[in-house]
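Scroll down for the structure; my scribbles are underneath it.
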Amino acid sequence: MSEPAKQPVERKSLDDRNRMTELERLRHSSAHIMAAAVLRLWPEAMLDIGPPTEEGFYYDFDLPNHRFTPEDFPAIEAEMKKITKENHVFEKSLKTREEALAWFQSHNQKFKVERLGDIPEGEAISFFQSGEFTDLCAGPHVMRTGNVKAFKLLRVASAYYRGNEKNPQLQRLYGTAFPNKIELEAWLVAQEEAKKRDHRKIGREMELFTFDEDVGPGLPLWMPNGTVLIEELEKLAKETEFAAGYVRVRTPHLARESMYKLSGHLPYYADSMFPPMEMAETAEGVDLTQKKERYYLKAMNCPHHHKIFSAVPRSYRDLPLRLAEYGTCYRYEQSGELMGLMRVRSMQMNDAHIYCTPEQFADEFRAVNDMYLKYFKIFGLGKYLMRFSTHDPARLGQKFVNEPELWKQTEDMVRRVLQESGIEYIEVPNEAAFYGPKIDVQVWSVAGREFTIATNQVDFAVPRRFGLVYTTRENKDATPLCIHRAPLGTHERFIGFLIEHYAGNFPLWMAPEQVRVLPITDQQNDYARQIVAEYRAHGVRATLDGSSDKIGGKIRRAEVDKVNTMFIVGQKEQEAGAVAVRRHGKGDQGVKPNAEVLNALLEEIQQRA
RNA sequence: GCCAACUUAGCUCAGUGGUAGAGCAAUGGUUUUGUAAACCAUCGGUCGUCGGUUCAAAUCCGACAGUUGGCUCCA
């Protein structure tokens, strides 16, 4: 998998800012109003910057003698309200560098002085003033503070100055704003709804997974219902990959230090790996104080797979070789980065490595891409973005391996595949892995968080480090290209995402409990048991509700449990050899002969519809 | 890792220094019921852990652990 790619912190050009949407403009103005309100309440506050974001806006403050808490929000909001009532004009003005500097120094705004230094020589230095509040700002803004009619402060957090963890942290106030109160209200309601879909909440309610302090942070325990999801996903992946000519391998969860030195992950990636197990075998047994042997838990599967490639001589006739494994990896993520299933320390990856010749590359890459699209269709995944990360020619030999020809060749091929398939993508220079370009697939959880859920990377460097070769038609040695791909990402993140995507209402083929049979009275218990046995014999996950509740209670519990399909059976159904079908969230589907229902469900499961 | 908040029964939450509470769930019984909650009873907690202050701590203080919101980093 990829090395961490640094997001370049770039100042947006004036042109970019002018492209601000109307909503962003409103929110940016709201940030100014919030800063002005904070200055009225805490005149000693030092300001950094206040841009619009996807959900609203924020402004960063340094205020050593006061910690913002949500209790401050009403006072700040009231002051903001006052400022909107005062209806100041947002007035733009230009200052010379000296004037700007003098202004901020006299107002004791040291961050603004530093930000001033970022503006290239010769570029206009523009200010926006609304009432008594003046800010270094390229704009644009709404006309007047009174145009901001609906806003709300959301939370307070801290953020490193300029996003660099070496810098001190500022207090960041987050808020949001909308053109009117109705839209704001609707957004707040939608946020509440999104909370109900949180995978951590549904995971607990549906008993999909759990965490335990004694097991360790970021180490999920998959409960029986969650394990069903995992196994269904694996079944899908194995079928799909088998049809696409993959072969499966299995590798250990750890390896000696020497392999990670060979791969280049050590010492570079060491921070992200669990610390090594160190020991020596002596006549008395294992001595942990000696450090002769060092084993690491694997943080990626690539090196193990490379070793399988190199285990036997390979010919061009063997290529492409597609080695697939649901490999378990361990990454020592920083404690603060952990988040439910979306960010964990042990993960199972839908991994595969495709070794191919340069001539085969485009077809292989296209096939991988098609596999992504096939999966997205199965899961009804509409909103995603392909991020195509390329290298920066200026940094060849430093951040990127010095193979200008291979970079150009593979990037051109990837670009062509993307264009031909008509997929929406953005190209991000300077974010490739050191060994080649990559495509990450970003999706958005219902809560609006953005996640990279799948990845597809080209590697023309590491196979060489491992000395991987195949014999060409001309009977010469050549290094294969390698495609790392993980269309279903990791079980942890993918299932975390699916839980929120479906709000726990999984399609029949995945549903942990596909069918629950609800007898109306005890008289039907035997008939119900018979049905359960019949469906289980066909591989359908069916259970019986043998409780003493009335039918309304049984239905309610099955709905709450998000059981996909309910069979209600009373005397009528028993006599007719039928079941009354009810689907989760869809209500009564009518009484049908049992055999017909069984066939229809089996068909639906088969189709993964 | 950093900043902040939080941690009471399986779950959701009350309880601000004086004998631990509710609803749901669970268990037992009664009920035999036709498409989102039948009735009664019972069980269930060293109040995250360890230490401190106090006659007395769920409550005040400290350390640690975990979780959450952000930052940094990523599948």
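Naming: A, B, ... by sequence-line order, numbering from 1 per chain. These numbers were taken from a predicted model, which means no experiment stands behind them.
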Length of the OH-P vector between A:Tyr174 and B:A5, whole Å: 17 Å
Cation over ring face, A:Arg27 and A:Phe57, 6.0 Å, 45°: no
Under-3.5 Å donor-acceptor pair between A:Arg67 side chain and B:C3 base: no
Who pairs with B:A58 - Watson-Crick or G-U, where each distance is under 3.5 Å: none
Whole-Å gap separating P (B:U33) and CD (A:Gln574): 14 Å
Sugar-phosphate only, base, or nothing, as touched by A:Gln523 at under 4.0 Å among non-hydrogen atoms: nothing
Protein proximity profile, nucleotides 34-48 of chain B - base contact B, sugar-phosphate-only contact S, no contact -, cut-off 4.0 Å on heavy atoms: BBBBB----------
Assigned partner base of B:A37, Watson-Crick or wobble definition, under 3.5 Å: none
Whole-Å gap separating C1' (B:G70) and CD (A:Glu337): 12 Å
Nearest-Å distance once atom P is located in both B:U7 and B:G44: 25 Å
Ring centre gap for A:Tyr296 and A:Phe274 strictly below 6.0 Å: no
Under-4.0 Å side-chain N/O to phosphate OP1/OP2 contact, A:Arg155 with B:G70: yes
Spacing of A:Gln191 atom CD relative to B:G69 atom P, expressed in whole Å: 12 Å
Aromatic ring pairing A:Phe494/A:Phe497, orientation class (parallel under 30°, perpendicular over 60°, tilted between): tilted
Touch class at under 4.0 angstrom, heavy-atom based, for A:Thr452 against every strand present: sugar-phosphate
Partner nucleotide of B:U16 by Watson-Crick or wobble geometry (both distances under 3.5 Å): none
Sugar-phosphate, base or nothing in reach of A:Val344, heavy atoms under 4.0 Å: base
Rounded distance (Å) that lies between atom P of B:A75 and atom CG of A:Asn456: 13 Å
Presence of donor-acceptor pair under 3.5 Å, side chain of A:Gln334 and base of B:C73: no
A:Tyr326 and A:His491 aromatic ring geometry - parallel, tilted or perpendicular at 30°/60° bounds: parallel
Sugar-phosphate only, base, or nothing, as touched by A:Met339 at under 4.0 Å among non-hydrogen atoms: sugar-phosphate
Residue matched to B:C73 through Watson-Crick or wobble contacts both under 3.5 angstrom: none
Sugar-phosphate only, base, or nothing, as touched by A:Arg172 at under 4.0 Å among non-hydrogen atoms: sugar-phosphate
B:C2 and B:A58, which share atom name C1', separated by this distance in whole Å: 30 Å
Donor-acceptor under 3.5 Å (A:Arg493 side chain, A:Thr452 main chain): yes
Donor-acceptor pair (no angle test) under 3.5 Å: A:Tyr160 side chain, B:G1 base: yes
Side chain to side chain, A:Glu325 and A:Tyr246, heavy atoms closer than 4.5 Å: no
B:C2 phosphate, OP1 or OP2, under 4.0 Å from A:Ser158 side-chain N/O: no
Inter-nucleotide C1' distance (B:C6, B:C64), Å rounded: 16 Å
Presence of A:Arg204 side-chain N/O under 4.0 Å of B:G10 phosphate oxygens OP1/OP2: no
Test item: side-chain donor near acceptor, A:Thr565 and A:Arg583, under 3.5 Å: yes
Inter-nucleotide P distance (B:A9, B:U59), Å rounded: 15 Å
Base-pairing mate for B:A5 - Watson-Crick or G-U, with both contacts under 3.5 Å: B:U67
Check: A:Thr251/A:Lys298 side-chain N/O donor and acceptor closer than 3.5 Å: yes
Span that lies between the P atom of B:U72 and that of B:C3, in whole angstrom: 16 Å
d(CE, A:Met342; C1', B:C73) in whole Å: 16 Å
Between B:C2 (P) and A:Leu338 (CG): distance, integer Å: 14 Å
G-U wobble or Watson-Crick pairing nucleotide for B:U31 (cut-off 3.5 Å, both distances): none
Pair A:Asp440-A:Thr455, side-chain donor/acceptor within less than 3.5 Å: yes
For B:U42, the Watson-Crick or wobble counterpart (both distances under 3.5 Å): B:A26
Interatomic distance where OH belongs to A:Tyr161 and C1' belongs to B:U72 [whole Å]: 17 Å
